[in-house]
Protein chains: 2
Amino acid sequence: MRALWLEEQQLRLREDLEIPEPPSGEVRVRVLRAGICNTDLELLRGYYPYAGIPGHEFVGVVDAGPSRLLGQRVVGEINAACSACAACRAERRTHCEKRTVLGIVGRNGAFAEYLLLPEENLHVVPEEVGTDAATFTEPLAAALEIQEQITIDANERVLVVGDGKLGQLIAQTLALTSCDLTVVARHPRKAKLLLRRGIRALQAVEPGSFDIAVECTGNPEGFTLAQRALRARGTLVMKSTYAGSLPVDVAAVVVNELTLVGSRCGPFVPALRLLATREVEVEPLIDARYALTDALAAFAHAQRRGVLKVLVDVADP
Amino acid sequence: MRALWLEEQQLRLREDLEIPEPPSGEVRVRVLRAGICNTDLELLRGYYPYAGIPGHEFVGVVDAGPSRLLGQRVVGEINAACSACAACRAERRTHCEKRTVLGIVGRNGAFAEYLLLPEENLHVVPEEVGTDAATFTEPLAAALEIQEQITIDANERVLVVGDGKLGQLIAQTLALTSCDLTVVARHPRKAKLLLRRGIRALQAVEPGSFDIAVECTGNPEGFTLAQRALRARGTLVMKSTYAGSLPVDVAAVVVNELTLVGSRCGPFVPALRLLATREVEVEPLIDARYALTDALAAFAHAQRRGVLKVLVDVADP
């Protein structure tokens, strides 16, 4: 089969890969669409030493698996758990100590004609959700993880630092709560996307004036801005993966008694529901689409400054 | 009056200071005993540009103030609040935006014959608590702040990283919960103090095996150890003030969805109660005592590696 291959921080297109055979408990998915995420770009920069097919945001059709799923359009949770380790037994399956992660850790990913995932990871896409929109299920679930981890009270002053593709999804999900939401948006085009949905977008904010700040720029300046924006005893949600260490002003964290919360993968069911009801709108975030044969160009496009979501069309539905 | 004076990272003894006159709402305290805290040593190293009398752990006798307090033996909360700012109005008075802090920010401290504090900051010391023991009220309250901020469930695996004077108090307070407590203690003498109270003290621990870790070493190695000791979704309580930035492995915080909680000053009432009931025992933590005239020698002693609490005897009760 055809797939994109990452090895030693180099991407290349391969045509020589075998169509994978699902082991017991796993399902084979014929990929329709896949999205490029910042984590893919970080992997390319060496954030984690992964060799294999990248890609973890996808929609596909089940072509080998149980009859209830055969032919169904699906999306999939990316962490494949062992069910036996301490984390799995404590119902922290996304933190399974022996997990593989689609396109990230020890499991070939979605920039390929076919992929494998455990049956339990798959969710059927409701008919009313288009294939483009459904490709956003995984990052939208990651955005919703914030609300799994912290309580956001009515009228709380919440700041999102970052107007990129994840920031846009986070802003849209937080706008559905009754919080007082602001996004730091430095790109006029991205600010406009937010304003169009009635979300306040500012270039700068007053220090010490927010109860909660969500950092999703992935750069130290964004982290510092988020930290300074918080009032004493505020909560900083860290939504970006960074390569390397970040110099943190720990004295300020202690003196101001801040809480920092690392946040990763989230729940697929409410994400699909928000896409079905169109309470979250993702199509305006699509900046470009490429065929799988042009996946290298797709990655080059996604790496350009200011670009939102780039999709790869692997097959027609 | 006589006092210790800190300026430009230099300490000197002064005899030429005026006995301070309490403004309205404040009380004058004749100091009996004061303790040297790590924050005092950090101030001396330039952690914060303070000029004035240092010291914030004290016991004294009220000699100018309301009749209900006159002649009473007292301890005092160190943050003097404005009652008007957003933090005060939100009942975060220890985070008052215009606060002065005894011996730390804009308010002369306890290594002096007299000090001033707002009346509301003072707590009468119960008769059954000795003056030496009561000097520990402030750091013991800081230890108890942890339990104000996070819930510690029965049998949760809690790690304290650090066997110094604050670590010892934190360990003793956590031992009163029904958690499964371990302390990383690298000094045999300090490990013995813990073991004597039935607290498990180890030189090293298994990574990924604790629900909660409390960092109170103030050094980057301690922070890294605490972070690695946590299971996914664990909580790291940061109890030390550090000078400068700390390089934090933020990717690990995000991927493991850790929660980091900065923790500072705590409640005096339960601290005094634990001293009165002797559920916490502080006298074994006293390593040396000096007269105020020998306060420079007291600081030199407190800076030696492995030393626990050094007290300064300012006056006899």
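What's counted below: heavy atoms across the whole structure, side chains too, no hydrogens, waters or symmetry copies.
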- Message: For A:Leu258, which atoms come within 4.5 Å of any heavy atom of chain B: side chain, backbone, both, or neither?
- Response: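 Interface part for A:Leu258: backbone (N, CA, C, O).
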- Determine the minimum heavy-atom distance between B:Met238 and A:Val254, stating which atoms define it.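 So the minimum-distance heavy-atom pair works out to O-CG2, 3.7 Å.
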- Can you measure from CG (B:Leu246) to CG (A:Leu246) and round to the nearest 0.5 angstrom? 11.0 Å
- Which residues in residues 94-102 of chain A have a heavy atom less than 4.5 Å from any heavy atom of chain B?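 Checking residues 94-102 of chain A against chain B gives A:Thr94, A:His95, A:Arg99.
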- Item | Pairs of heavy atoms under 4.5 Å with chain B: top-ranked of A:Leu236, A:Val255, A:Val261, A:Thr259 | A:Val255
- Pull out the residues in residues 144-152 of chain B that come under 4.5 Å of chain A, heavy atom to heavy atom, sorted by number.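 Against chain A, the residues of residues 144-152 of chain B that fall inside the cut-off (heavy atoms, under 4.5 Å) are B:Glu145, B:Gln149.
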- Taking side chain to side chain contact (heavy atoms under 4.5 Å, CB included) as the test, write out the residues that go with A:Arg89, two or more places apart. A:Ala86
Name every donor-acceptor pair, under 3.5 Å, that has one atom in a side chain of residues 219-234 of chain B and the other anywhere in the protein, sequence neighbours excluded.
from	atom 1	to	atom 2	distance (Å)
B:Asn219	OD1	B:Thr217	OG1	3.4
B:Asn219	OD1	B:Glu221	N	3.2
B:Asn219	OD1	B:Gly222	N	2.8
B:Thr224	OG1	B:Pro220	O	3.0
B:Gln227	NE2	B:Asp249	O	3.3
B:Arg231	NE	B:Asp211	OD1	2.8
B:Arg231	NH1	B:Arg233	O	3.2
B:Arg231	NH2	B:Asp211	OD1	3.4
B:Arg233	NE	B:Glu257	OE1	2.9
B:Arg233	NH2	B:Glu257	OE1	3.1

- What do you reckon, is CZ of A:Arg186 surrounded by more than 12 foreign heavy atoms closer than 6.0 Å? no
